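Being a predicted model, the structure only gives us computed values, none of them experimental. We count residues from 1, following the sequence as given.
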Amino acid sequence: MTTYFALGLMSGTSLDGLDICYAKFCFQNKSWSFEILKTKTIAYSKSWTEKLANAIQLSSIDLLELNSEYGFYLGEKVEDFLSLNNITNLDLIASHGHTVHHQPKKKFTYQIGDGRAIKIKNNFPIVYDFRSQDVLLGGNGAPLVPIGDENLFSEYEACLNLGGFSNISFKENGKRLAFDICPLNIVLNYFAEKLGKKFDENGEIAKSGSVNEKILKQLNQLEFYKNREAKSLGFEFVQKQIFPLMKGDSVENLITTFTKHAAEKMVDILNENKIKKVLVTGGGTYNGFLIDKIKAKTEGKIVFPSREIIEFKEALIFAFMGVLKLRSENNILSSATGSSHDHCSGILI
């Protein structure tokens with residue numbers, strides 16, 4: 001049996017904070033197992049939330065400066081986490097960074113958080129920039145977590161993540177398919193903030209509003225949903241296609257309408273693919289209104305794992321991807337991203 005201890009860092013588009021997951025991975029008899037040992041979510045300060053939210057507007061020089069600054073921020077938070085938990089047994093740190101630009105058709109994606117800055121603060125092997133190589137190989141650079149779904153959560157027919165964007169992975173004809181279904185918390189949080197809240201807790205705002213059928217119809221008819229090939233979404237899509245439709249009604253009604261839209265799109269995918277058992281993770285798991293809407297229409301069984309897996313599954317899987325990189329093994333599935341072939345991605349320093 002071969003054992004690895006790895007730290008995974010994840011910062012999602014919903015800007016909830018920095019997720020840190022310290023885990024043990026064991027490889028035995030051609031299969032992987034894992035144990036989550038320590039976790040922490042570090043909420044972003046108002047200053048950092050604003051910096052990350054506005055990063056897409058920055059000039060190239062200012063963005064490069066932020067890349068370094070955020071890299072040192074990550075390095076300091078890792079240093080604090082390791083010290084607080086007395087962690088010395090560590091084979092690598094794997095950092096996703098924070099996505100600012102994602103335009104795979106133009107052959108680029110950009111996650112800030114320079115891994116070299118993390119290394120300066122923490123002298124362990126660092127793996128970062130997991131997405132760029134896939135985009136250069138003709139892929140969408142996302143979703144990446146299916147490699148973890150395949151190796152760590154294979155007892156489920158499908159894995160559904162309810163984060164800034166909702167995405168799914170499942171097996172079809174021996175291949176693991178995966179794609180983003182629709183924007184989710186990135187939109188809901190944006191409108192919740194207009195009411196002075198960070199997010200729609202338990203879907204209470206959505207419960208209080210009414211569905212705007214005209215907007216719902218326009219959302220459901222967006223061209224993106226007619227394309228069934230491997231696909232991924234970025235904030236650019238939200239800005240150009242979602243926000244222009246989300247107007248002419250109260251914030252509460254817009255939240256209700258978009259929550260119903262997202263639920264319908266997820267149900268469509270689950271039922272079309274006859275998914276009988278799906279593992280659901282991510283912050284949207286705590287949105288009771290959303291979950292009720294999904295449960296009411298889906299034909300399969302929805303499974304909620306432990307709190308740690310709900311909240312830290314992505315950070316866990318990036319740690320696992322770092323381990324695969326260390327072993328020089330493929331950590332990205334072309335069947336999920338649309339790239340020309342499976343490959344071993346990430347910069348190891």
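Residues F34 and F153 place their aromatic rings such that the two centres sit under 6.0 Å apart. Ring-centre distance between F258 and F191: not below the 6.0 Å cut-off.
Sequence neighbours left out, not one pair with a member in residues 187-201 passes salt bridge (charged side-chain N to carboxylate O under 4.0 Å, His left out). Residue pairs that meet the salt bridge (charged side-chain N to carboxylate O under 4.0 Å, His left out) test with at least one member in residues 159-180, sequence neighbours left out, are E150-K171, E150-R176.
N253 pairs by the side-chain contact (heavy atoms from CB on, under 4.5 Å) definition with S210, D249, S250, not counting sequence neighbours. For K301, the side-chain contact (heavy atoms from CB on, under 4.5 Å) test picks out V303, with sequence neighbours left out. Residues passing the side-chain contact (heavy atoms from CB on, under 4.5 Å) test with Q28 are M1, sequence neighbours excluded. Checked against side-chain contact (heavy atoms from CB on, under 4.5 Å), K265 has the following partners two or more places apart in sequence or in another chain: I181, C182, N220, Y225, H261, D268. A search for side chain to side chain donor-acceptor pair (under 3.5 Å) contacts involving T285 returns nothing, not counting sequence neighbours. Residues satisfying the side chain to side chain donor-acceptor pair (under 3.5 Å) test with N54, not counting sequence neighbours, are none. The side chain to side chain donor-acceptor pair (under 3.5 Å) test applied to N287 returns no partner, not counting sequence neighbours. Residues passing the side chain to side chain donor-acceptor pair (under 3.5 Å) test with D342 are S334, sequence neighbours excluded.
Panel note: side chain N185, backbone L188; no donor-acceptor pair is recorded below 3.5 Å. Not one N or O on the side chain of S166 forms a donor-acceptor pair closer than 3.5 Å with the backbone of L162. Between the side chain of S345 and the backbone N or O of F130, at least one donor-acceptor pair lies under 3.5 Å. With N67 contributing its side chain and G113 its backbone, the two residues share a donor-acceptor pair below 3.5 Å. Counting only distance, with no hydrogens or angles, the side chain of S208 and the backbone of I205 share a donor-acceptor pair below 3.5 Å.
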Distance-only donor-acceptor hits, side chain of residues 235-242, under 3.5 Å, sequence neighbours excluded:
| unit_1 | atom_1 | unit_2 | atom_2 | d |
| --- | --- | --- | --- | --- |
| E236 | OE2 | H102 | N | 3.2 |

What donor-acceptor contacts under 3.5 angstrom involve side-chain atoms of residues 73-93, with partners at least two apart or in another chain?
| unit_1 | atom_1 | unit_2 | atom_2 | d |
| --- | --- | --- | --- | --- |
| N85 | ND2 | F81 | O | 3.0 |
| D91 | OD2 | F5 | N | 2.7 |

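Looking at E69 and K51, a side-chain N of the basic residue comes within less than 4.0 Å of a carboxylate O on the acidic one, giving a salt bridge.
E35 and S33 form no side-chain donor-acceptor contact under 3.5 Å, judged by distance and modelled atom types alone. Residues Y4 and R327 have side chains that bring a donor and an acceptor to within less than 3.5 angstrom of each other.
Geometric assessment of R307 against the ring of F312 yields a negative cation-pi assignment under the 6.0 Å and 45° thresholds.
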